[in-house]
Amino acid sequence: MKQRSPWQRTHTCGELTLANKDQEVVLNGWIENKREHGKLVFIDLRDRYGITQLAVDADTAGMAAGTFDTMLRLGAEDVISVRGRVRPRGEGNVNKNRVTGEIELCVLSVTVLSEAETPPFEVLDKAEANEELRMQYRYLDLRRRPLQEALMKRARFVTAVRNFLQQQRFIDVETPILTKSTPEGARDYLVPSRVHPGKFFALPQSPQIFKQLCMVAGLDRYYQIARCFRDEDLRADRQPEFTQIDLEMSFVEEHDVLDVVEAMYVHAMKEGFGIDVPQPFPRFDFFEAMDKYGCDKPDLRFGMLLQDCTELAKKSDFKVFAGAVAAGGIVKGICAEGAAEKFSRKGIDELTAFVTQLGAKGLAWAKVTAAGVEGSIAKFYEGDKGKELIAHMGAKPGDLLLFVADQKRVVHKALGDLRLKVGGILGLRDPKVFRCCWVLNFPMFEWNEDKHRWQFAHNPFSAPVDWDIQDFGVDTENIRSRAYDFVMNGWELGSGSIRIHRTELQARVFEFLGISKEHQRANFGFLLDAYKYGGPPHGGIALGVDRIVTLALGREGIRDVIAFPKTAMAFDLMAAAPGEVSSEQMKELSIRTAVEPPKPPAQ
RNA sequence: GGGGACGUAGCUCAAUUGGUUAGAGUACCGGACUGUCGAUCCGGUGGUUGCGGGUUCGAUUCCCGUCGUCCUCGCCA
């Protein structure tokens, strides 16, 4: 039999029920709450598994001397071991909100394992303290059930992913954390090398190159729950270090990757969170997604698709419409079902302000009635013209029609965001509903206005749809890459591609992007070299674990699902990191800071 | 780097558009209480109003700077 010290628990705080009636048990945990009634005291004892009520009755036969007084003295967050007898609570005293609510532990003795100072905030299920304080005392915040639940479900999800991939013959491979700076992309976190004075490692922005090298190595299927580091400014959905499900497969085409990931995702969502994600995930061509949803990450929880009205607008008397078309633009509209009476004149003004902020010149609108349309564009759409518009939009009385006329880019941005906003107002974006999709064939390059040159849209290793393409300079904006995104509820959760696996093509992409031969050699030489020795066709994807868990649990931001997150200024309030280091350490690393040491306060 | 919001008791907030001794709930401390479950009742301790400067007879309140937190744009292949 396993050895157990007298103070060690026989059960957790979440498992005792009527089945344990009359048993003598030992529980360990934190005091959550105490309710005194003179000679009777109730204490809620908490551990990860639940809460059990302790009843300390001064008149209990066989109670160890001093137990009652000790219990009276103890308070919130003290850590104790209690020995007692399980007893039913009796009629009218059952707490149905708790698994252990039908019993209580009649305390016979107590051992104080650790006394706690009054905590800086109360450890309650509901977070009442502000985030700054909660991050500073993260270990206290993590005692709260919602946070523990997030960590447990996250762990279950990740385990399900591992099990699935392992079964699909993927190999979990660890790639370096100390690696090489990549010239493009996000800013790197750098680590100075002691033995190579003046030289620096970079923390990986992703294991991208290494996983491709795993393919060249013949591992065939690689995966890793990988930590990635990017030194960019943060957001609610962004941390300087974050976790990806990173995978790569050899001898595959898009559908092979998508099929595996889709099956993995459905499995892990069910195992981790009990969420049923409906399949199959629709697969959109990039331009199809843009046309229908105005963005490359469609929220499929509701319809309200963008509908092209350019042809109708062409012959319109409404100068805003006709004018936009004449200027080479387009006109599109959305139909918000039954929304006519939900938006007052003021409400529509707010929507107008919203799209104006996004670059649109205005918002044309019409409420559909039995007789036709009324609203800002009604006088241009009287009689048959109005009927034609209604028919074109597939609208019925009570619907609200919203239109934007401008250059395509502006229309898609404004109407795409407006669709989300109106959908939100109408309650069509239920956080408990989950709809996934794929978006394929992204443009290979995008124009960088500031740097005045083309840059890759996904990553420089994504293959073009046309393997034999000779000149990237011709019709550049229409060159498509074999890149794809994984999207759920309007959030981009993953991104990947079929890669280039030939030296020559990879070199030409780099060349087109203005990365010199020397630069290529210095930064990607080992990848280009690797391809010389036989690189298999391959492709993969990386999914953002933090975002997936956040969305699945309906939390506000990814900080809620990360054990020890950093602030918006990338600062760890608990550890006070980053911090200063000694001059000896600096000297050893051959580095000097350009920051003036803080002046000592004036005497 | 830009914009916005916030910073008052351990915690969450209030304080009359600049005016008496900065209040409440909760936590904490003391007391009462044998069926509570965010127990209840009575009493009490607790404040550099983030920090620095300015305007004013007088600043939690107005102004400038600074620090911190959050949101957001840029940025994030």
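The chains referred to below are lettered A, B, ... by the order of the sequence lines, with proteins before strands, and numbering in each begins at 1.
Taking the side chain of A:A129 as heavy atoms from C-beta on, and the options B:C71, B:U69, B:C11, the nearest nucleotide is B:C11. The side chain of A:F42 approaches B:G35 more closely than any other nucleotide in the set B:G35, B:G1, B:C37. Side-chain atoms of A:E122 lie closest to B:A27 of the nucleotides B:G35, B:A27, B:C37. The nucleotide whose nearest atom lies closest to any side-chain atom of A:L40 is, among B:G38, B:U69, B:G35, B:G35. Distances were taken from every side-chain heavy atom of A:R87 (C-beta onward) to each of B:U69, B:G35, B:G1; the shortest belongs to B:G35. In the set B:C76, B:G38, B:C71, B:C76 carries the atom at the smallest distance from any side-chain atom of A:E232.
Partner A:T175 forms a side-chain contact (heavy atoms from CB on, under 4.5 Å) with one of A:K211, A:Q208, A:Q224 and no other, that one being A:Q224.
Note on A:D299 versus A:R429: salt bridge recorded, some NZ/NE/NH1/NH2 to OD/OE distance being below 4.0 Å.
For B:G35, the base has a donor-acceptor partner in the side chain of A:E104 [N/O atoms by modelled type, under 3.5 angstrom]. One N or O donor and one acceptor, one from the side chain of A:R238 and one from the base of B:C75, sit under 3.5 Å apart. For A:Q53 and B:U36, a side-chain-to-base donor-acceptor distance below 3.5 Å is present, hydrogens and geometry of angles not being considered. Contact of A:D233 with B:G74 (side chain to base): a donor-acceptor pair of N or O atoms is detected under 3.5 Å. Side-chain to base pairing of A:R89 with B:C37: one donor and one acceptor N or O lie within less than 3.5 Å of each other.
Nearest-nucleotide mapping onto RNA chain B: of A:L133 and A:T567, the residue sitting toward the 5' end is A:L133.
For the residue pair A:S481 and A:S462, no side-chain donor N or O sits within less than 3.5 Å of a side-chain acceptor on the partner. Side chain to side chain, A:Y531 and A:Q212 meet the donor-acceptor criterion of an N or O pair below 3.5 Å.
Residue contacts for A:A236: at a heavy-atom cut-off of 4.0 Å it reaches the sugar-phosphate backbone alone, with no base atom in range. Residue contacts shown for A:I51 are absent, as no nucleic acid heavy atom lies under 4.0 Å away. A:S206 comes within contact range of at least one nucleobase, with a heavy-atom separation under 4.0 Å. If you check every strand for non-hydrogen atoms under 4.0 Å, A:R98 touches a base.
Dashed line: the shortest gap from a side-chain N or O of A:T118 to OP1 or OP2 of B:A27 is not under 4.0 Å. Side-chain nitrogen and oxygen atoms of A:N93 include none within less than 4.0 Å of the OP1 or OP2 phosphate oxygen of B:C37. OP1 or OP2 of B:C73 has at least one side-chain nitrogen or oxygen of A:R235 nearer than 4.0 Å.
With both pairing distances under 3.5 Å, B:U40 is matched to B:A32 as a Watson-Crick or G-U wobble pair. Look at B:C62: its Watson-Crick or wobble partner, with both distances under 3.5 angstrom, is B:G54. As the counterpart of B:A5, B:U69 is assigned, both hydrogen-bonding distances of the Watson-Crick or G-U wobble pattern falling under 3.5 Å.
Rounded to an integer number of Å, the gap from CZ of A:R73 to P of B:C29 is 11 Å. We find that CZ of A:R144 is positioned 16 Å from P of B:C11, with the value rounded to whole Å. Rounded to an integer number of Å, the gap from A:I558 CD1 to B:C70 C1' is 15 Å.
When the P atom is used for both B:U17 and B:C62, the distance is 12 Å, rounded to whole Å.
Residue pairs meeting the salt bridge (charged side-chain N to carboxylate O under 4.0 Å, His left out) criterion with at least one member in residues 482-496 of chain A, sequence neighbours excluded, are A:E253-A:R482, A:E254-A:R482.
Distance alone, capped at 3.5 Å, places no donor-acceptor pair between the A:E446 side chain and the A:Q455 backbone.
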